[in-house]
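Inspection log for the structure reproduced underneath, given as structure tokens.
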Amino acid sequence: MAKQKKWLRIGLGSIGLFVVAGGLGYHWWLQSLPVLDGEFKLAKLSSSASVDTDPHGIPLINASNRIDAARVLGYVTARDRLFQMDLMRRKSAGRLAEIFGEMAVKSDLQSRIYGFNVRARQILSKQSAIHRQYLEAYADGVNSYLQQNPTLPFEFKVLGYQPEPWQVEDCLLVVLGMFENLTAWAERSERMLSTMEQTLPPEVVAFLTPDSDRFTDYLMNYTKSLRPPQGIPVTAMQTLLADGAPNSGNLAKAPEDTLAGSNAWAVSGTKTSDGRAILANDMHLGISVPNIWYRVELRYPEVRAVGLNLPGTPFIVSGSNQHVAWGVTNLSGDFLDLVKLEINPDNDGQYRVGDHWQNFDERRETILIKGSERKALTVRETQWGPVAEQALLGQPVAIHWVALDAEAVNIGIMDLEGSKTLEDSLAIVKRAGGPELNVLLADENGQIAWTLTGKIPRRFGGDGTISRSWADGKTGWQGYMQADEMPQSIDPDEGFLVSANDRRFSADFPYAIGHQYVNGYRAYRINQRLKQAATHSEWSLFNLQQDTETEFYVYYQQLALKILSPDVLANKPELIALRDYLTSWNGRADISSLGLPVLVEFRKQLIDSVFTPFLNSCKQADKNFVYSWNYVDTPLQAILNERPAQLLPEAAQHKTWDQFILAQLEISADTVMSRHPDVGLTNLTWGKQNIVGHAHPFSKALPLLSTALDMPHQSLAGCGGFCVRVTGADFGASERLVASPNHLSEGILHMPGGQSGHPLSSYYKDQQVFWVEGLPMPLMAGKSQHKLVLKPE
């Protein structure tokens with residue numbers, strides 16, 4: 001969603017749509033509000049259905065069967081989120097330039113190279129008959145709404161186009177968009193590691209790219225990992241430091257706090273007062289307006305399911321029925337490989353496969369561009385996947401990715417809403433072929449479980465960290481892990497299960513699932529909190545979702561305070577205020593917390609300044625190279641603890657490590673203060689920096705409407721990847737859910753923004769205050785405020 005917001009803003013800026021403020025008018029906006037009451041015909045509906053809308057715009061759909069429920073869901077979601085749905089399918093299909101012009105061409109090129117527009121049709125042909133029926137019914141519902149409602153959301157009027165009928169494969173385009181959001185980052189990682197492998201000594205690469213940290217080591221009982229932390233290779237790094245250019249730029253950066261992730265945990269009946277099992281789940285994604293999720297409750301014979309729907313698809317991603325609750329987190333694994341292509345020196349239209357040269361297949365694409373001539377694109381295809389636009393170290397590579405394998409993608413996860421037992425749910429999850437995720441389950445009998453979903457490659461001849469040629473058949477994938485090979489845990493002795501994108505696999509696991517999971521602090525903190533209490537309830541788990549303690553930054557606080565020694569302060573009394581500011585930090589990311597803004601910047605500054613001098617050869621090999629590693633704190637803290645004199649950066653400016661670290665601290669404080677010139681250090685709380693920035697995509701181009709379109713700017717508690725409560729300006733917990741099967745009326749669910757995508761709807765931003773303030777909302781839909789009755793034609 002963060003990428004979506006970026007190109008949308010750029011596109012709007014390029015076409016200068018500020019005239020909407022005066023051209024549309026309030027009256028027209030009112031006319032475009034959707035109808036929430038009445039009786040309408042719905043094509044292909046088998047029998048009457050109803051939609052009760054509660055005081056927060058949450059629909060309760062009553063239908064006579066699952067197919068009808070999918071049809072009504074398509075109708076209702078189009079009513080509330082049509083423009084969002086259209087953007088998501090256009091993004092994946094590579095058709096944004098048709099409405100935004102030249103500035104969207106780059107995004108379209110990438111989607112066309114992936115061939116999502118082609119893959120979606122291929123995937124559709126592989127779906128089971130019943131799943132295809134659900135998809136068809138959903139598309140029918142969307143199209144019924146389009147036919148019955150000629151007054152469209154204002155965004156279509158602004159951009160001057162009509163949405164096309166919803167195709168069945170459009171649902172799969174939305175699914176493929178989520179694949180891209182959650183797993184495509186592995187390409188950047190492989191490019192980085194391949195460059196490092198070619199240009200740096202192997203011991204340096206191993207030191208810089210471990211797959212563990214002290215929190216993960218504790219959780220994993222110190223079992224060996226695939227890339228265990230290494231000692232500092234002083235001699236090799238000293239040589240790199242001597243060879244480095246003095247002004248090589250910023251080649252190292254802190255990992256993005258906006259990487260797609262999530263928290264989920266489940267407590268069994270042994271940890272509650274009445275034996276119920278409870279699930280908690282908050283999914284971390286980019287947040288814009290409207291929110292990515294759509295709240296819904298479905299009722300049809302034998303099923304009462306409630307939770308979060310991905311608009312454009314007919315299923316509940318996270319939620320509960322009366323028997324089983326389910327929640328997900330990003331697995332953070334590697335499901336994409338870049339295959340080096342050996343090109344025939346006598347014919348660049350061929351690549352080597354075994355002992356022969358094979359012709360590239362070619363796929364021709366045409367990108368329509370608003371206001372410009374169309375762009376023709378020829379995509380070369382190999383037996384391993386499409387050829388990437390960007391070569392790797394001067395050599396073409398093919399993209400081999402689970403998302404591009406029609407045999408590996410399905411919507412089987414939607415069967416969870418009808419599951420009745422933990423055993424059935426585990427089987428459904430393991431067979432499903434969506435994005436690779438951790439799945440946590442809690443059932444009505446007090447049991448809990450964890451397993452994986454999605455197709456996991458069975459690699460041979462390599463672990464996927466660096467790009468290799470597969471031409472000789474010694475490297476590749478041998479299908480995917482089978483359902484009975486998927487790891488699982490059921491009712492552990494401690495009475496709870498936790499997943500926070502952390503590494504859960506040791507070196508003895510049969511297949512390499514990933515290389516850089518997320519730092520283990522969030523999982524560690526959740527584990528500690530769950531252990532501390534003898535019993536838990538929905539309320540205690542919801543309160544844990546709001547936890548803002550961040551022990552992770554204590555290391556950097558102590559490092560800074562040691563550097564600000566009495567001798568330093570005697571020579572630089574102006575730093576006494578900084579010392580007092582950092583001492584005042586309460587160890588949390590509360591709105592009122594002092595000190596944290598500088599500590600966050602201090603860590604980022606250290607990562608850049610400590611590692612950049614060793615990476616010059618990487619930059620020479622790849623002009624786009626940047627070192628960014630999720631476990632960067634492991635080698636960083638090793639160097640800062642040992643401080644080898646031979647590896648002192650900027651030795652010409654600083655005689656000792658203490659002087660160097662002090663300089664980075666001063667730079668960090670100055671950087672933070674420059675962002676807040678009107679706020680003194682003693683008043684610079686975390687709330688001054690961590691502020692809601694949830695914006696409608698149009699607001700940048702239409703600033704006069706930002707007040708109406710955007711969520712209010714407010715201070716936020718929580719922090720990026722190192723608090724249980726993950727928050728940021730436009731990233732964070734996209735929902736917070738707590739549910740126990742058979743106790744759904746006591747469940748909790750809130751999300752940023754609201755149900756509706758219409759700025760004049762009372763449901764546009766009414767849930768935002770609950771999300772910002774950490775207040776509960778009921779999981780189930782409330783008392784009916786509006787009612788639609790849908791009847792067969």
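Just so it is clear, the structure is predicted and the values come from calculations on it, not from any experiment. Residue numbers run from 1 in the order of the sequence given.
Residue C618 comes nearest to T195 through the heavy atom pair O-CG2, 3.7 Å, listed as atom of the first residue, atom of the second, then distance. The minimum heavy-atom distance between L310 and I292, with the atom names listed, is CD1-CD1, 3.7 Å. Contact detail for N291 and Q84: the closest heavy-atom pair is O-NE2, 3.0 Å. Scanning both residues, F722 and C719, for their nearest heavy atoms gives C-SG, 3.5 Å. Here the shortest heavy-atom pairing between L544 and V724 reads O-CG1, 3.2 Å. Closest non-hydrogen pair, A523 versus N527, comes out as O-ND2, 2.8 Å.
With a 4.5 Å cut-off on side-chain heavy atoms, M711 and I287 do not count as touching. Within the 4.5 Å cutoff, the side chain of S734 has no heavy atoms near those of the H284 side chain. Looking at heavy atoms from C-beta onward, I748 lies out of side-chain contact with L779 at the 4.5 angstrom threshold. Put simply, the side chain of M88 does not reach to within 4.5 Å of the side chain of M178, judged on heavy atoms. For the pair S107 and F100, the minimum side-chain heavy-atom distance is 4.5 Å or more. Using a 4.5 Å heavy-atom threshold, the side chains of L159 and I99 count as touching. Side-chain contact between L665 and L578 is present, with heavy atoms from C-beta onward closer than 4.5 Å. Here the side chains of Q768 and M751 are not in contact, with every heavy-atom distance at 4.5 Å or above.
Using modelled atom types and a 3.5 Å distance limit, the side chains of H56 and D766 yield a donor-acceptor pair. Side-chain contact check for D217 and S212: at least one donor-acceptor pair (N or O, by modelled atom type) lies under 3.5 Å. Of the N and O atoms on the side chains of D590 and T548, at least one donor lies less than 3.5 Å from an acceptor on the other residue. Between the side chains of T550 and R588, not a single donor N or O lies within less than 3.5 Å of an accepting N or O. Using modelled atom types and a 3.5 Å distance limit, the side chains of S592 and T685 yield no donor-acceptor pair. For the 3.5 Å distance criterion, the side chains of W629 and T209 fail to qualify, holding no donor opposite an acceptor. No side-chain donor-acceptor contact under 3.5 Å links N330 and N501.
Between N586 atom CG and L594 atom CG the span is 8.0 Å, to the nearest 0.5 Å. To the nearest 0.5 Å, the span separating CD1 on I607 from OG on S628 amounts to 8.0 Å. Note: T583 OG1 to I576 CD1 = 11.5 Å, rounded to the nearest 0.5 Å. Between atom CH2 of residue W686 and atom CG of residue L684 there is a gap of 10.0 Å, rounded to the nearest 0.5 Å. If you take OG on S262 and CG on D282, they are separated by 7.0 Å, rounding to the nearest 0.5 Å. The structure places OG of S668 at 9.5 Å from CG of L599, a figure rounded to the nearest 0.5 Å.
Using modelled atom types, no side-chain atom of R503 and backbone atom of G520 make a donor-acceptor pair closer than 3.5 Å. Using modelled atom types, one side-chain atom of Q659 and one backbone atom of K655 make a donor-acceptor pair closer than 3.5 Å. Without hydrogens or angle criteria, E735 side chain to M283 main chain gives a donor-acceptor distance under 3.5 Å. Under the 3.5 Å distance criterion, the side-chain polar atoms of S593 are left unmatched by any main-chain donor or acceptor of L596. Between the S609 side chain and the Q605 main chain, a donor and an acceptor come within less than 3.5 Å of each other. When atom types are taken as modelled, the side chain of D502 and the backbone of A500 share a donor-acceptor pair closer than 3.5 angstrom. Between the side chain of N641 and the main chain of Q637, a donor-acceptor pair closer than 3.5 Å is present. Proximity of a side-chain donor or acceptor of S674 to a complementary backbone N or O of T671 within less than 3.5 Å is detected. Listed for the Q755 side chain is a donor-acceptor partner under 3.5 Å among the backbone atoms of R295. With N630 contributing its side chain and Y517 its backbone, the two residues share a donor-acceptor pair below 3.5 Å.
Applying the side chain to side chain donor-acceptor pair (under 3.5 Å) rule to T216 yields the partners D213; only residues at least two apart in sequence or on another chain are considered. Looking at residues two or more places apart in sequence or on another chain, you find no ring-ring contact (aromatic ring centres under 6.0 Å, His included) involving Y764. The ring-ring contact (aromatic ring centres under 6.0 Å, His included) check on F215 picks up Y521, Y524, with sequence neighbours excluded. A search for ring-ring contact (aromatic ring centres under 6.0 Å, His included) contacts involving W657 returns F660, not counting sequence neighbours. Residues that satisfy the ring-ring contact (aromatic ring centres under 6.0 Å, His included) test with Y555, not counting sequence neighbours, are absent from this structure. Shown here are the side-chain contact (heavy atoms from CB on, under 4.5 Å) partners of T682, two or more places apart in sequence or in another chain: there are none.
A salt bridge links D658 with R643: at least one charged nitrogen is closer than 4.0 Å to a carboxylate oxygen. Using a 4.0 Å cut-off between charged side-chain N and carboxylate O, K765 and D710 make no salt bridge. Under the 4.0 Å criterion applied to side-chain N and carboxylate O atoms, R725 and E549 are not assigned as salt-bridge partners.
You'll find the ring centres of W265 and H536 outside the 6.0 Å limit. If you look at H758 and F83, their ring centroids are not closer than 6.0 Å.
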Could you please spell out the steps behind the side chain to side chain donor-acceptor pair (under 3.5 Å) verdict for T727 and N690?
CA-CA 8 Å; T727 60; N690 202 42; 3.0 Å; yes
Please determine whether side-chain contact (heavy atoms from CB on, under 4.5 Å) holds for the pair D547 and C723, giving the CA-CA distance in whole Å, both sets of side-chain angles, and the decisive distance to 0.1 Å.
CA-CA 7 Å; D547 186 89; C723 294; over 6 Å; no
Please assess N263 against Q545 for the test side-chain contact (heavy atoms from CB on, under 4.5 Å), listing each intermediate value before the final yes or no.
CA-CA 8 Å; N263 295 327; Q545 289 178 328; over 6 Å; no
Quick one, S756 with D80, criterion side chain to side chain donor-acceptor pair (under 3.5 Å). Give me CA distance, side-chain angles, the key distance, then yes/no.
CA-CA 5 Å; S756 176; D80 293 332; 4.9 Å; no
Test log, rule side-chain contact (heavy atoms from CB on, under 4.5 Å), inputs L716 and V772
CA-CA 6 Å; L716 283 173; V772 171; 4.1 Å; yes
Determine whether F614 and Y627 satisfy the following criterion, ring pair (Phe, Tyr, Trp, His ring centres under 6.0 Å), listing intermediate values before the conclusion.
CA-CA 10 Å; F614 304 106; Y627 166 66; over 10 Å; no
Evaluate the criterion side-chain contact (heavy atoms from CB on, under 4.5 Å) for residue pair L575 and L662; output intermediate values, then yes/no.
CA-CA 10 Å; L575 295 181; L662 176 62; 4.0 Å; yes
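Classified by interplanar angle (parallel below 30°, tilted 30° to 60°, perpendicular above 60°), the ring pair Y556/F552 is tilted.
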